Each structure stands twice: as structure tokens, then as C-alpha cells.
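The structure appears below as C-alpha cells.
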Protein chains: 2
Amino acid sequence: MIAGNFFSKNKMVLLYGASLAILLFLLKWLELRFIIYDYSFEIYAGSIALIFTSLGIWLALKLAKPKMQTVIVEREVYAGADFILNAKEQAALGVSKRELEVLELMAEGLSNDEIAGRLFVSLNTVKTHSSKLFEKMEVSRRTQAVEKGKRLRLIP
Amino acid sequence: MIAGNFFSKNKMVLLYGASLAILLFLLKWLELRFIIYDYSFEIYAGSIALIFTSLGIWLALKLAKPKMQTVIVEREVYAGADFILNAKEQAALGVSKRELEVLELMAEGLSNDEIAGRLFVSLNTVKTHSSKLFEKMEVSRRTQAVEKGKRLRLIP
DNA sequence: TTCCGGGTCATACTTTAGGGTGATTTTATC
DNA sequence: GATAAAATCACCCTAAAGTATGACCCGGAA
């Protein structure tokens, strides 16, 4: 992409040079035909113009180069910071705080054993919590609990 | 698109050529009017150099401008309702359509057996799909797969 | 004080999920 | 038509999840 642009730019410069040369020759020809004042002066002026134009181009390209390296790639930040717990649903289902904690960790994809480690309790305790949670939420699997929990806004 | 670019570039060149011709003619005209090449040849040459250098700079900047427009800013606010599958991630992970279907049903909280019934395939097939899916997604549990799938926008 | 709900833990058991291997068939793709 | 990828299915085994039951502790309410 960048190399392509550079190539096209060079191409442009060359094209410009060619057209300039053609123009100058055309001028020269016209000059020779109609007004022949100073022969060597025209060549001198033309070459000066050519050289300094190319110098200007080169200078500008050289100076503008660092300016063009603005490559910005922005990705999403996974918004959803605005989570408010649906306390009514929680109360309606009779889900306790601890059970909600378990549900949250379930949603993160943790196993019962990992949840036990996270909450500093035994595996059996987590199992008890999850069992009661499933009963209260009227589901039979952790995946269902997570899905329903997200739907009822018990978890983000 | 490409033809258009080329045309506009050529247009630029032609425009430049025209302006160059005009400038040269103007110079010629000035020359004829005041006859400056006798005593101030240096001034003449210097002004030519100056004019054409700035012309070159201007030209180069003009041509370099479209290069700066290649900046693509991708901002996502994650509205929620409009789900668009992240095909890049799917391709990057090598997740097939069928595996995505299984993942979707997993996210709904269905068991492997239920997924098998939904897709009219055997339980073993679902297991194979899920196994490959987990391998590709680099997870080890369905809950993790669902969580990561939602995060990478493979599923709503 | 008694009672109850929440939290803790344990044991035993069943079900589901997941890993590994191998095979066949369909479907693109070159 | 050969090749590769996807989809299908089976069997075996282990790990994890889920069910059932019982027990203990603790703090607040009746």
C-alpha cells in the first residue's frame, strides 16, 4: 500500500518531468519560429525551472514524509460499563449474594473448582450454591443459568 | 476507481503544464516589456528558481494529500441490538459454520443432547464439533467458549 | 430462647461434558 | 478426478457437573 503510493508518486514526478520537457521543447520551437531573442538564456531559464521544480518536489516529499505515517487502528472497547443489577428479579427469585457471586464466576467460564478457589470455599460448597441457584432460577445447567442471568440482568 | 485516480492525476499534470506555460509566457512578456536580462539576469534567474521551487513544493504537497486520507478510524460503541458476526475472528480461528451453530446453541444453555436434537445429528457429532471448537478457541469448557465467543462477537 | 435462612462442608451417586482415536461421507476446490 | 476440508458417527475413558441427603455454625427475627 505504502510502496504502491510511493511508486505512483514517483511515476507522477517522472510524468511531470516528461511533460515539462515537452512543454519546454514546445516553447523552444515556438520561440525559434517567431521570436528569437536570446537562445542560450531560454535554455538556462528552462533548466533552472526544471531543476528547482524537481528540487521543490523532492524537498516537499522529504519533509512531508513523516507527516504521512499516520496509521491509526482503533478497536472496540467492549462497552457495557453501565450495568445495574436487577435487584427486583434477584429478590423475586430469592437469590442470595453468595449465589450471585457464584453465578458471576460461572459466567466468566470458571469451573466449580476454580470458583471454589476464588471464593476460598470448598468445591462442595460451590456445588451446594450452584444447586440451590439452579433450583431458584428454574434451570438445570450452568449455561442456562448464565444465559438467564444475563437476560434478567443479574449479571453483566 | 483506479481509472478515476489516474485521470485526476493526469488532470493535475495537465493543469500544471498549463500553469507552467502561462508562467513562462508571462515571464516572456515581462522580459519583452522591460528588457531585464541586461542588468538583472541574476534576479530573473533567482525569481524563476524561487517560483518553480515553490511550485514544485505546492505540487508535491497537492499530490501527497490523498495519501493522508488512508487513515481508517474504526470506532465501535457496541449498541447491543445490532449483531454483526466478526468474520475476521472466525476466519482467524478457523471456526466452521457448523461449529458456530453449535456454539450458538451452547450459548442458549442447551446440553449436547439437546443440540444434537436441534441440529438433527447424533450426540457424538455434537461432541466432535464442540471438541474441535474448544481446541480452535483455545478453551476447555463450554462456558468459556460462550464467554469468549460473545467477547469476540462470534455470537450475539 | 427458639427458630430460620444463609453459608459452610461432606459423602454418595448419576448425568453430562470433554479428550482421544479412528472411520466414512459429503462438499468444495484446484 | 484428485485433494483437502468439513461434517458425520462410534467407542472408550476420565473429569466435571449436578442431585440428594445430612450436618454444623451463626446472626437476626419472632
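Only heavy atoms go into these numbers, but all of them, side chains included; no hydrogens, no water, no symmetry mates. This structure is a prediction, so every number in the text was calculated from the model and none was measured. In what follows, every chain begins at residue 1, and chains take the letters A, B, ... in the order their sequences are listed.
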(request) Could you say whether B/K132 or A/T128 is positioned toward the 5' end of DNA chain C, judged by the nucleotide with the nearest heavy atom to each? (result) A/T128

(request) Please report the shortest heavy-atom distance between A/V102 and A/I115, naming the atom on each side. (result) O-CD1, 4.0 Å

(message) When you group the ILVMFWY residues by side-chain heavy-atom contacts below 4.5 Å and let the links chain together, are B/L123 and B/L119 in the same group?
(response) no

(request) Check whether any side-chain heavy atom of B/R118 sits under 4.5 Å from a side-chain heavy atom of B/E108, and report yes or no. (result) yes

(message) Under 4.0 Å, heavy atom to any atom of DNA chain D: which of residues 140-147 of chain A qualify?
(response) A/S140, A/R141, A/R142

(message) I need the B/Q90 CD to B/R153 CZ distance, nearest 0.5 Å.
(response) 12.5 Å

(request) Only pairs at least two apart or in different chains count here, so list each side-chain hydrogen bond (donor to acceptor under 3.5 Å, both in side chains) that has a residue in residues 127-138 of chain B. (result) B/E99-B/K136

(message) What is the first contacted nucleotide of DNA chain D and what is the last, in 5' to 3' order, if contact means an atom lying under 4.0 angstrom from a heavy atom of chain A?
(response) D/dA17 to D/dT19

(request) Could you tell me, to 10°, how much the axis swings from one end of the helix from C/dT1-D/dA30 to C/dC30-D/dG1 to the other, five pairs per end? (result) 50°

(request) Report the residue (B/G94 or B/K127) whose heavy-atom-nearest nucleotide on DNA chain D is the more 5′ of the two. (result) B/G94

(message) Could you go through A/I155 and A/M106, starting from their C-alpha distance and side-chain angles, then the distance that decides it, and tell me whether this counts as side-chain contact (heavy atoms from CB on, under 4.5 Å)?
(response) CA-CA 10 Å; A/I155 45 177; A/M106 273 181 181; over 6 Å; no

(message) With the threshold set at under 4.0 Å for non-hydrogen atoms, list the residues of residues 119-126 of chain A touching DNA chain C in residue-number order.
(response) A/V121, A/S122, A/N124, A/T125

(request) State, to 0.1 Å, how close B/V121 and B/R98 come at their nearest heavy-atom pair, and which atoms those are. (result) CG1-NH2, 3.7 Å

(message) So, using side chain to side chain contact (heavy atoms under 4.5 Å, CB included) as the criterion, who are the partners of A/S122 when residues are at least two apart?
(response) A/N124, A/T125

(message) I'd like the 5' and 3' limits of the part of DNA chain C contacted by chain B, with heavy-atom contacts below 4.0 Å.
(response) C/dA17 to C/dG19

(request) Kindly write out the residues that satisfy side chain to side chain contact (heavy atoms under 4.5 Å, CB included) with B/A116, not counting sequence neighbours, or none if the list is empty. (result) B/V126

(message) Run the side chain to side chain donor-acceptor pair (under 3.5 Å) test against A/E89 and tell me which residues pass, sequence neighbours left out.
(response) none

(request) Find out whether B/L133 and B/L103 are in side-chain contact, i.e. whether some heavy atom of one side chain is under 4.5 Å from a heavy atom of the other. (result) yes

(request) Please list, chain by chain and in numerical order, all residues satisfying side chain to side chain donor-acceptor pair (under 3.5 Å) with A/R151, sequence neighbours excluded. (result) A/E147

(request) Looking only at non-hydrogen atoms, find the nearest pair between B/R142 and B/L110 and report the distance. (result) NH2-O, 3.0 Å

(request) Return the set of residues passing side chain to side chain contact (heavy atoms under 4.5 Å, CB included) with A/Q144 (not counting sequence neighbours), or none when no residue passes. (result) A/V139, A/S140, A/R141

